[in-house]
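Here the structure comes first, spelled out in structure tokens, and everything after it is commentary.
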Amino acid sequence: MEGSSLRAPVDDGLILKTSKGAGIGLAAGSVWGLLVSMLHDGPKVGSNVKYPELVRTGKVCRSYAGTLAILGATYVGVEQSLERVRGKKDIINGAVAGFAAGATMGFRAGRLRTLLVSGSALALTSVLLDVTGMRTTEEEEKAENH
């Protein structure tokens, strides 16, 4: 049987969009980490580390970039998955994706209350953006072409 596969087909669009969300988060987090690192005082020079300020800046950038990459990938991945499973694009997809992304970030704190509050905050933000009609440029182009 040529062309048959035992694996389920992988949705390339979902993977591409999730990767794009992670990449945007990674880039934004790197820039934000650089700004935060520049605004705070550096470590005291007392160890045998060459360029301690550069090392600290790299660690701060890596931390912020990783956090925002996870946030972006979680939001986009959950939203796109729900859209495909439910067969429609509505406010519920964004709210659930916002809660999942916020809860993922709140999980890092290790407290249930933080998880619920951060998840709810991102869900509310997503709902407000959907209700007010804010769109990305890609969505605007699709709306104009149809």
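Quantities reported herein were computed from a predicted structural model and do not represent experimental measurements.
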Under 3.5 Å, side chain of [X] to main-chain N/O of [Y], donor-acceptor pair present?
X	Y	result
S118	L115	yes
N93	K88	yes
S126	G94	yes
T18	A73	no
T125	A121	yes

Quick one: pull up [atom1] in [X] and [atom2] in [Y] and give me the separation to the nearest 0.5 Å.
X	Y	atom1	atom2	answer
L35	S30	CG	OG	11.0 Å
C61	R56	SG	CZ	9.5 Å
E79	K17	CD	NZ	9.0 Å
Y75	Q80	OH	CD	9.5 Å
L82	I92	CG	CD1	9.5 Å
L71	T67	CG	OG1	8.5 Å

Report yes or no: do M38 and V31 belong to one cluster of Ile/Leu/Val/Met/Phe/Trp/Tyr joined by side chain heavy-atom distances under 4.5 Å?
yes

Are L129 and I91 in one and the same hydrophobic cluster, where Ile, Leu, Val, Met, Phe, Trp and Tyr link if side-chain heavy atoms are under 4.5 Å apart?
no

Closest approach of [X] to [Y] (non-hydrogen atoms, all atoms of both residues):
X	Y	answer
L122	G102	CD2-N, 3.6 Å
A95	V127	CB-CG2, 3.6 Å
M105	I70	CE-CG2, 3.5 Å
V60	G33	CG1-O, 3.4 Å

Pair T114, R108: side-chain N/O donor-acceptor within cut-off below 3.5 Å
no

Side chains of V76 and K20 in contact at under 4.5 Å (non-hydrogen atoms)
no

Taking the side chain as every heavy atom from C-beta outward, state whether Y64 and L26 have any pair of such atoms under 4.5 Å apart.
no

Could you check whether atom CZ of R111 has more than 12 heavy atoms from other residues, nucleotides or ligands sitting under 6.0 Å from it?
no

